[in-house]
Amino acid sequence: MTVQAVIEQEKLAQFEAKIENEIKIEPNDWMPEDYRKHLIRQISQHAHSEVIGMQPEGNWITRAPSLRSKKILLAKIQDEGGHGLYLYAAAETLGVSREQFISWLHEGKAKYASVFNYPTLNWADIGAIGWLVDGAAITNQVSLQRTSYGPYSRAMVRICKEESFHQRQGYEIMWRMMEGTKDQQRMAQDALNRWWWPSLMMFGPHDTDSPRSEKAIQWKIKRESNDRLREKFINKTIPQAELIGLKVPDPELRLNEDGTYQHGDINWDEFYAVINGNGPCNKQRLQHHIKAHQDGAWVRETAAIHQQKMNNHGKH
Ligand code: FAQ
C-alpha cells in the first residue's frame with residue numbers, strides 16, 4: 001500500500017470514529033467526497049424548499065382576513081426566507097457558491113419540496129399549510145437537529161424553534177374556522193382534503209423505495225427513516241384534527257391496538273409527476289423565482305460594489 005493510501009485510510013477511520021461517537025463533522029474536517037456531495041444536495045434542496053415555500057403563502061398576504069392575521073402571516077413568511085438563508089449559508093461551507101445553487105435550481109437540476117407545487121385556493125389553505133406542511137417539516141427537522149454535519153445541525157436548532165410557532169399559527173386558523181359558520185367549516189375540511197396527501201408525500205418515498213436513505217442513515221445525516229417520520233406525523237396530527245371536528249380524507253385509515261395509525265395507499269404516481277416538474281404549479285413557481293432573481297440583480301450588484309469599496313478602504 002502506498003503512503004498516500006495509508007494516509008487516506010487513516011482519515012476515513014477518523015471520520016468514521018467521529019460519526020460513531022456523535023462528534024459533529026465541521027467544514028474544515030476531512031470528509032469522504034460522497035458525504036460532501038450528499039450534504040450539498042440535501043441542504044441546498046432544503047434551502048430551496050424554504051424559499052420556494054414562501055410563494056403559496058405570499059399569495060395570501062394582501063387578502064388576509066384581518067390586520068392580526070396579516071401581521072402573523074408576514075412574519076411567518078419572513079421566517080421562511082430566513083430559514084433559506086441559514087441553510088444556504090450551511091451549504092456554502094461545503095465549498096459551493098450561492099450562485100451555483102441558484103443556477104442548479106433554475107436549470108431544473110435541483111429539487112425542492114413537492115408540496116409547494118400545489119395552489120393555495122382560499123384562506124383555509126394558509127391554515128392547512130401552517131398546521132400540516134410546517135407540522136410535517138418540523139417532524140423531520142427535529143430529528144435533523146442531530147444530523148452529523150455541524151452547520152446543518154445548528155441551523156436546524158434555530159429553524160425548529162420558529163417552525164413550532166408556525167405549526168401553531170396554522171392550527172389556530174383551522175380551529176377558528178371550525179368554530180365559525182358552516183361555510184368556514186366546509187372550507188377548512190376542503191383544505192385538509194387537498195393538503196393531507198401532499199403533506200404525507202413530503203417525507204419522501206417508502207423506505208424500500210428510497211435510494212438515498214441507506215447511506216444517509218449510515219452517515220447519520222438522516223437520523224430517522226422516511227416512513228418512521230411519516231408515522232410520527234400521522235400519529236400526532238390525527239388527534240389534532242379530531243379535536244376540532246375535522247376528518248382526515250383517508251377511508252383506509254385504521255387505528256392499531258397500540259394507539260398508532262395505519263394509513264391508506266399514497267399516490268406515488270402523483271408524487272413522481274410532481275418531483276419531476278409536472279405538478280399543478282411547478283412551472284409557475286420556478287418562473288416566479290427566476291423573475292424575482294433577475295429583478296433583484298441590481299441589489300446584488302450594488303452590495304458587491306459596496307463590499308469591494310469596504311475591502312479597498314480596509315487596505316489603506
Ligand atoms: N419533494 O431517497 P430519497 C418546509 C426526492 S421545509 C421533492 O428518500 P432523501 C418549511 C429526493 O430528493 C421542507 N423531492 O431522498 C416550510 C431524491 O431525489 P434526488 C423541506 C423529494 O434525500 C414550510 C428522490 O426523491 N424539507 O417545508 C421529496 O434521502 C411552510 C429519492 O428520495 C427538507 O428538505 C419531496 N417531498 O429523502 C417552508 C428536509 N422526497 O435528490 C415554507 C431535508 C424525496 O436524488 C412554508 N431533506 N424527494 O434527485 C430530507 O430530509 C430528505 O432530503 C427527504 C428526502 C426526506 C426530503
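Just so we're clear, the structure is a prediction, and the values are computed from it rather than from any experiment. Whatever order the structure lists ligands and atoms in, that order sets their numbers, starting from 1.
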Is the Trp104 to His48 ring centre distance short of 6.0 Å?
no
Atom 54 (C) of ligand 1 within contact range, any protein heavy atom under 4.0 Å:
no
Among all protein heavy atoms, pick the one closest to [atom] and tell me residue, atom and distance.
{"atom": "atom 4 (C) of ligand 1", "result": "Ala137 CB, 3.6 Å"}
{"atom": "atom 40 (N) of ligand 1", "result": "Gly204 CA, 3.2 Å"}
{"atom": "atom 11 (C) of ligand 1", "result": "Arg41 NH1, 4.0 Å"}
{"atom": "atom 19 (P) of ligand 1", "result": "Lys111 NZ, 3.6 Å"}
{"atom": "atom 31 (C) of ligand 1", "result": "Pro211 CD, 3.9 Å"}
{"atom": "atom 1 (N) of ligand 1", "result": "Ser114 N, 2.9 Å"}
{"atom": "atom 56 (C) of ligand 1", "result": "Phe203 O, 3.7 Å"}
{"atom": "atom 9 (P) of ligand 1", "result": "Lys222 NZ, 3.4 Å"}

Does ligand 1 have an atom under 4.0 Å from some heavy atom of Ala216?
no
Residue-ligand contact Tyr152/ligand 1, heavy atom below 4.0 Å
yes
Between Tyr272 and Asn278, does the side chain to side chain contact (heavy atoms under 4.5 Å, CB included) criterion hold? Intermediate values first, please.
CA-CA 9 Å; Tyr272 287 110; Asn278 299 314; over 6 Å; no
Is it the case that ligand 1 has an N or O less than 3.5 angstrom from some N or O of Asn140?
yes
Selected option - heavy-atom contact closest to [atom], from [options]:
{"atom": "atom 13 (C) of ligand 1", "options": "His38, Arg223, Met202", "answer": "Met202"}
{"atom": "atom 46 (C) of ligand 1", "options": "Glu50, Glu57, His206", "answer": "Glu57"}
{"atom": "atom 45 (O) of ligand 1", "options": "Glu163, Arg212, Lys215, Met156", "answer": "Arg212"}
{"atom": "atom 25 (O) of ligand 1", "options": "Asn226, Ile275, Leu87", "answer": "Ile275"}
{"atom": "atom 3 (P) of ligand 1", "options": "Ser210, Gly81, Ser213", "answer": "Ser210"}

Can a donor-acceptor pair be found between the side chains of [X] and [Y] at a distance below 3.5 Å?
{"X": "Trp131", "Y": "Gln240", "value": "yes"}
{"X": "Glu80", "Y": "His83", "value": "yes"}
{"X": "Thr139", "Y": "Lys236", "value": "yes"}
{"X": "Thr120", "Y": "Asn59", "value": "yes"}
{"X": "His106", "Y": "His293", "value": "no"}
{"X": "Asp79", "Y": "His166", "value": "yes"}
{"X": "Asp250", "Y": "His263", "value": "no"}

Run the salt-bridge test on [X] and [Y] with the 4.0 Å N-O cut-off and return the result as yes or no.
{"X": "Asp183", "Y": "Arg186", "result": "yes"}
{"X": "Lys18", "Y": "Asp29", "result": "yes"}
{"X": "Lys11", "Y": "Glu8", "result": "yes"}
{"X": "Glu162", "Y": "Lys76", "result": "no"}
{"X": "Glu224", "Y": "Lys232", "result": "yes"}

Show the atoms of ligand 1 that are less than 4.0 angstrom away from any heavy atom in [X].
{"X": "Gly53", "answer": "42 (C), 46 (C)"}
{"X": "Lys76", "answer": "30 (C), 46 (C)"}
{"X": "Met201", "answer": "36 (N)"}
{"X": "Gln45", "answer": "12 (O), 41 (O)"}
{"X": "Asp134", "answer": "23 (C), 30 (C)"}
{"X": "Pro205", "answer": "8 (O), 32 (O), 44 (C)"}

